[in-house]
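In what follows, chains are A, B, ... by sequence order, proteins preceding strands, each numbered from 1. Just so we're clear, the structure is a prediction, and the values are computed from it rather than from any experiment.
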There are 2 protein chains.
Amino acid sequence: MIGSNPIVEALSAGGYRMTGPRRAVADLIAGHDGHFTAAELELAARERRLDISRATLFRALDLLTELGVVERLDLPTGEHAYVPCAPAHHHHLICSRCGRATDVADCGVAEAVGEIARRSGYRIDSHRLELFGLCRHCQAKTTTDA
Amino acid sequence: MIGSNPIVEALSAGGYRMTGPRRAVADLIAGHDGHFTAAELELAARERRLDISRATLFRALDLLTELGVVERLDLPTGEHAYVPCAPAHHHHLICSRCGRATDVADCGVAEAVGEIARRSGYRIDSHRLELFGLCRHCQAKTTTDA
DNA sequence: ATTTTTGCAAACCTTTTGCATGGAA
DNA sequence: TTCCATGCAAAAGGTTTGCAAAAAT
């Protein structure tokens with residue numbers, strides 16, 4: 001967990017100052033592989049006695065979203081959550097149980113989108129696909145632990 | 001605009017009471033073919049001197065969402081919006097300029113989703129695809145009127 | 001030294017809730 | 001007449017902002 005953190009790297013690559021709070025947020029996120037809400041992150045920070053004000057936390061999340069190392073997504077419940085991810089186009093596959101998010105390559109989505117464009121006459125500029133289900137691990141554990 | 005309104009129908013089919021506010025919301029939505037936020041709908045109601053309290057408006061939107069005649073979606077900006085739609089699985093193609101939303105049939109998305117499931121090992125329970133672009137009409141009007 | 005970032009606290013915006021009143025069936 | 005739905009107003013979230021102090025370059 002010590003060592004290169006892609007988020008830290010993105011910050012310095014972007015010319016942003018490396019501050020305590022930002023580093024803390026970066027580490028918090030890096031040590032977390034599911035999606036998380038701002039509130040959850042705040043709680044995690046408090047538990048580890050990292051003192052980050054809410055405003056700073058939101059500002060950091062905004063920044064990281066802009067840098068593309070984190071993406072904001074909308075859960076089916078309407079909650080806003082964030083997932084760490086590589087700054088490239090991809091889709092998110094989210095486990096409804098453990099919250100783990102996996103980046104998904106295209107797998108034919110682009111083609112389908114092209115077909116939709118053709119049929120509708122729209123010029124499609126962007127699309128967002130969010131997939132929800134159970135990861136392999138959680139399927140195996142049937143409905144055991146929380 | 002007088003006559004059958006699918007929203008009104010869905011309400012009565014669902015066994016809900018047909019009240020003034022609900023009818024007003026139904027008409028407001030039916031007379032609007034783009035997406036809209038709760039705030040926009042509230043404004044529209046006020047302009048037409050329809051007196052609907054905010055609480056009622058939100059309650060109506062919830063109800064209509066449950067009935068599946070309206071769907072809540074998340075714009076790229078993070079705003080919550082609603083679109084009127086048929087109660088079946090489909091995707092939304094949204095014009096970034098005029099806000100009009102079109103329901104889109106599958107066009108190969110299901111296959112792509114299947115492929116993603118196969119490769120990832122996830123059991124995919126649901127997915128949501130939102131497409132953003134310019135409708136034919138707005139493409140034609142290049143960048144003219146708002 | 002300069003510029004960015006932070007923390008605080010208040011403001012804001014959106015959505016929800018409790019409860020008494022009013023309206024549909 | 002009996003429930004369901006509404007309005008109000010307050011509360012509850014979630015997120016943003018202004019500004020002075022603190023920290024990074």
In whole Å, what is the span from the [atom1] atom of [X] to the [atom2] atom of [N]?
X       : N      : atom1 : atom2 : result
B:Arg23 : D:dT6  : CZ    : P     : 14 Å
B:Leu57 : C:dT15 : CG    : C1'   : 11 Å
B:Leu63 : D:dC4  : CG    : C1'   : 12 Å
A:Ile52 : C:dG7  : CD1   : P     : 8 Å
B:Arg54 : D:dG13 : CZ    : C1'   : 15 Å
B:Glu79 : D:dT16 : CD    : C1'   : 15 Å
A:Glu42 : D:dT16 : CD    : P     : 14 Å
B:Leu61 : C:dT15 : CG    : P     : 9 Å

Report yes or no: does [X] contribute a side-chain atom to a donor-acceptor pair with the main-chain N or O of [Y] at less than 3.5 Å?
X        : Y        : answer
A:Arg128 : B:Asp74  : yes
B:Gln139 : A:Gly121 : yes
B:Glu111 : B:Gly108 : no
B:Asn5   : B:Ala30  : no
A:Arg22  : A:Arg17  : yes

| task | Report, as yes or no, whether the 6.0 Å neighbourhood of atom CZ on A:Arg72 holds more than 12 heavy atoms from other residues, nucleotides or ligands. | result |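 For A:Arg72, atom CZ is crowded (more than 12 foreign heavy atoms under 6.0 Å).
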
Using a cut-off of under 3.5 Å, enumerate the N/O to N/O pairs linking the protein to nucleotides 19-23 of chain D.
none

Protein-nucleotides 9-12 of chain C N/O pairs closer than 3.5 Å?
none

| query | Should B:His80 be listed as having a side-chain N or O under 4.0 Å from OP1 or OP2 of C:dT14? | reply | no

| query | Does C:dT5 have OP1 or OP2 sitting under 4.0 Å from an N or O in the side chain of A:Arg22? | reply |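 Looking at the OP1 and OP2 atoms of C:dT5, one of them is under 4.0 Å from a side-chain N or O of A:Arg22.
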
| message | B:Leu11 vs B:Leu63, test: side chain to side chain contact (heavy atoms under 4.5 Å, CB included). Steps then yes/no. | response | CA-CA 9 Å; B:Leu11 280 172; B:Leu63 182 54; 3.7 Å; yes

| message | Heavy atoms only, 4.0 Å cut-off, all strands: where does B:Ala38 land among base, sugar-phosphate and nothing? | response |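 Sugar-phosphate: the residue B:Ala38, judged by heavy atoms under 4.0 Å, touches backbone atoms but no base.
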
| Sequence neighbours excluded, which residues qualify as side-chain contact (heavy atoms from CB on, under 4.5 Å) partners of A:His127? | A:His89, A:His91, A:Val109, A:Val113, B:Leu129, B:Leu131

| query | What are the two closest heavy atoms between B:Ser120 and A:Arg136, and how far apart are they? | reply | O-NH2, 3.1 Å

